[in-house]
Structures are given as structure tokens and as C-alpha cells.
Asker: 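Here it is: the structure, laid out below.
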Amino acid sequence: MTSSKRLLFILGICVLSISFMSCSSSSEEQNSTLSSTVEIALQIDKLVAEDKYTEALEVLEEQPNSPEILTLKEMTHLNYGLFLEYRDANVNNMRDKMNKALREYVKVLRINPDNEKAISEIEQILGIYATFGNRSPAEDVVADLEEFGFTL
């Protein structure tokens, strides 16, 4: 993730936190929650920048769901999918790579069914599969994609 994207990501979380906090009752609670959310966002940003997506997702799973945490989960799953699709050198088999990326994109859509980047990446991968004719994603991935209206 480029430094400008990281900065926008952190600023977005801060804006979400501030707007969320304006609905709370106590200013001490607001400051504490805002501080905690910003700390988590910074921790997640650092882990994502180091391509430590599973660690970032573990940290997020420990947090109670809030709009800010869900946004962090959505962005982390999206970035993990992009990493798996384009940059993961640990997986040599292209089918395994694409299945893993598609699973992450499905997780993004479970949080935000309107995430345009996840939809675009899924469509791109399915378009590539369509050119082969005799290949398709794993059955569990196909079932998940069909839930969101994708057809093979």
C-alpha cells in the first residue's frame, strides 16, 4: 500500500471515528474510544504495510464489531485478496492463488456487498476462467460467488 493510500486509509478511519463519537454520550468515553480506534487502525495499517494480513485479521477479530472495525476488516480482506492475486510469491499454482483471492473478496462482499473493487476483481478472475472453458474455481468458492449473483 502506498504511503498516500495509507494516509487516506488512516484519515478515513479517523473521520469515521469522529462521526461515530459525536453520537456518544460522554466526552471521556469519546476520547477513549477514539484513541482506541485510532490505535487499532494504526496497528492494522502497519501490519498490512508489512503484508501480515492474517495477523491484522486476528487483531480485528478480537475487537467488538463497530462501523470502524467493520471498515478495517473490509479493507484488510480487500488488500489481502489483492496481495494474493498479484504479489504472493509463496503460491505457485495459479488456481490456488485465485481461489484464495476469491475467498477474500467474498469476505469483503459479506461486509459490504457494494464494494466495487472486490466486484471488479471477482469479475476479472471469472473472465480469465471463462477463457479456459474446462477450469473453474473451487466448488466452495463457486457456491459463495453464486450467493452474490455471480455465474460461471
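Predicted model only: the values in this text are computed from it and were never measured. FYI, the numbering just counts along the sequence from 1.
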Asker: How long is the span from the NZ atom in K100 to the CG atom in L102, to the nearest 0.5 Å?
Answerer: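 Output value for this atom pair is 13.0 Å.
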Asker: What residues, two or more places apart in sequence or in another chain, satisfy salt bridge (Lys or Arg N to Asp or Glu O under 4.0 Å) together with K107?
Answerer: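 Per chain and number, K107 pairs via salt bridge (Lys or Arg N to Asp or Glu O under 4.0 Å) with E104.
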Asker: Suppose we screen for side-chain hydrogen bond (donor to acceptor under 3.5 Å, both in side chains). Which residues come up paired with N99, at least two apart in sequence or across chains?
Answerer: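 Partners of N99 by the side-chain hydrogen bond (donor to acceptor under 3.5 Å, both in side chains) criterion come out as none, since no residue qualifies.
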Asker: Quick one: side chains of residues 116-132, donor-acceptor pairs under 3.5 Å with protein atoms, not counting sequence neighbours, listed by atom name and distance.
Answerer:
from: K117; atom 1: NZ; to: E121; atom 2: OE2; distance (Å): 2.8
from: E121; atom 1: OE1; to: Y86; atom 2: OH; distance (Å): 2.8
from: Q124; atom 1: NE2; to: Y86; atom 2: OH; distance (Å): 3.3
from: T131; atom 1: OG1; to: I128; atom 2: O; distance (Å): 2.6

Asker: Which atom names give the shortest non-hydrogen contact between G81 and A101, and what distance separates them?
Answerer: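 The pair with the smallest heavy-atom distance is O-CB, 3.6 Å.
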Asker: Donor-acceptor pairs are to be reported for all side-chain atoms of residues 140-152 against protein atoms at under 3.5 Å, with residues two or more places apart or in another chain.
Answerer:
from: D140; atom 1: OD1; to: R103; atom 2: NH2; distance (Å): 3.0
from: D140; atom 1: OD2; to: R103; atom 2: NE; distance (Å): 3.0
from: D140; atom 1: OD2; to: R103; atom 2: NH2; distance (Å): 3.2
from: D144; atom 1: OD1; to: R110; atom 2: NH2; distance (Å): 3.1
from: E147; atom 1: OE1; to: R110; atom 2: NH1; distance (Å): 2.9

Asker: Taking all heavy atoms of N112 and all of E74, pick out the closest pair and write down the distance.
Answerer: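 Of all heavy-atom pairs spanning N112 and E74, the closest is ND2-OE2, 2.9 Å.
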Asker: Between M75 and I111, is there a shared hydrophobic cluster once you connect ILVMFWY residues whose side-chain heavy atoms come closer than 4.5 Å?
Answerer: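 They do not share one cluster, since no chain of ILVMFWY contacts under 4.5 Å joins M75 to I111.
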Asker: Residues two or more places apart in sequence or in another chain: which of them pass side-chain hydrogen bond (donor to acceptor under 3.5 Å, both in side chains) with N65?
Answerer: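 Partners of N65 under the side-chain hydrogen bond (donor to acceptor under 3.5 Å, both in side chains) test: K73.
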Asker: Among all residues two or more places apart in sequence or in another chain, which pass the side-chain hydrogen bond (donor to acceptor under 3.5 Å, both in side chains) test with E85?
Answerer: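 Partners of E85 under the side-chain hydrogen bond (donor to acceptor under 3.5 Å, both in side chains) test: Y105.
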Asker: Determine which pairs satisfy ring pair (Phe, Tyr, Trp, His ring centres under 6.0 Å) with at least one residue from residues 62-85, sequence neighbours left out, and list them in order.
Answerer: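 Sorted pair list: Y53-Y80, Y53-F83.
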Asker: Heavy atoms, side chains only, cut-off 4.5 Å: are R87 and D51 in contact?
Answerer: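 Yes - at least one pair of side-chain heavy atoms lies under 4.5 Å apart.
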Asker: Excluding sequence neighbours, so at least two apart, what forms side-chain contact (heavy atoms from CB on, under 4.5 Å) with E55?
Answerer: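 So E55 forms a side-chain contact (heavy atoms from CB on, under 4.5 Å) with L47, K52.
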Asker: Kindly determine whether I40 and L60 satisfy side chain to side chain contact (heavy atoms under 4.5 Å, CB included), including the steps that lead there.
Answerer: CA-CA 8 Å; I40 293 167; L60 291 169; 4.1 Å; yes
Asker: Who are the side-chain contact (heavy atoms from CB on, under 4.5 Å) partners of N93, not counting sequence neighbours?
Answerer: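 So N93 forms a side-chain contact (heavy atoms from CB on, under 4.5 Å) with R95, D96.
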Asker: Measuring from R135:CZ to M94:CE, what's the distance to the nearest 0.5 Å?
Answerer: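 Nearest 0.5 Å value for the CZ-CE distance: 10.5 Å.
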Asker: How about CD on E139, more than 12 heavy atoms from neighbouring residues, nucleotides or ligands closer than 6.0 Å, or not?
Answerer: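 Open.
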Asker: For I44 and A56, work out which heavy atoms get closest and say how close.
Answerer: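 Minimum heavy-atom separation between I44 and A56: CD1-O, 3.4 Å.
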Asker: Do L109 and L82 land in one hydrophobic cluster if side-chain heavy atoms of ILVMFWY residues count as linked below 4.5 Å?
Answerer: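 In one cluster with L109: L82, yes.
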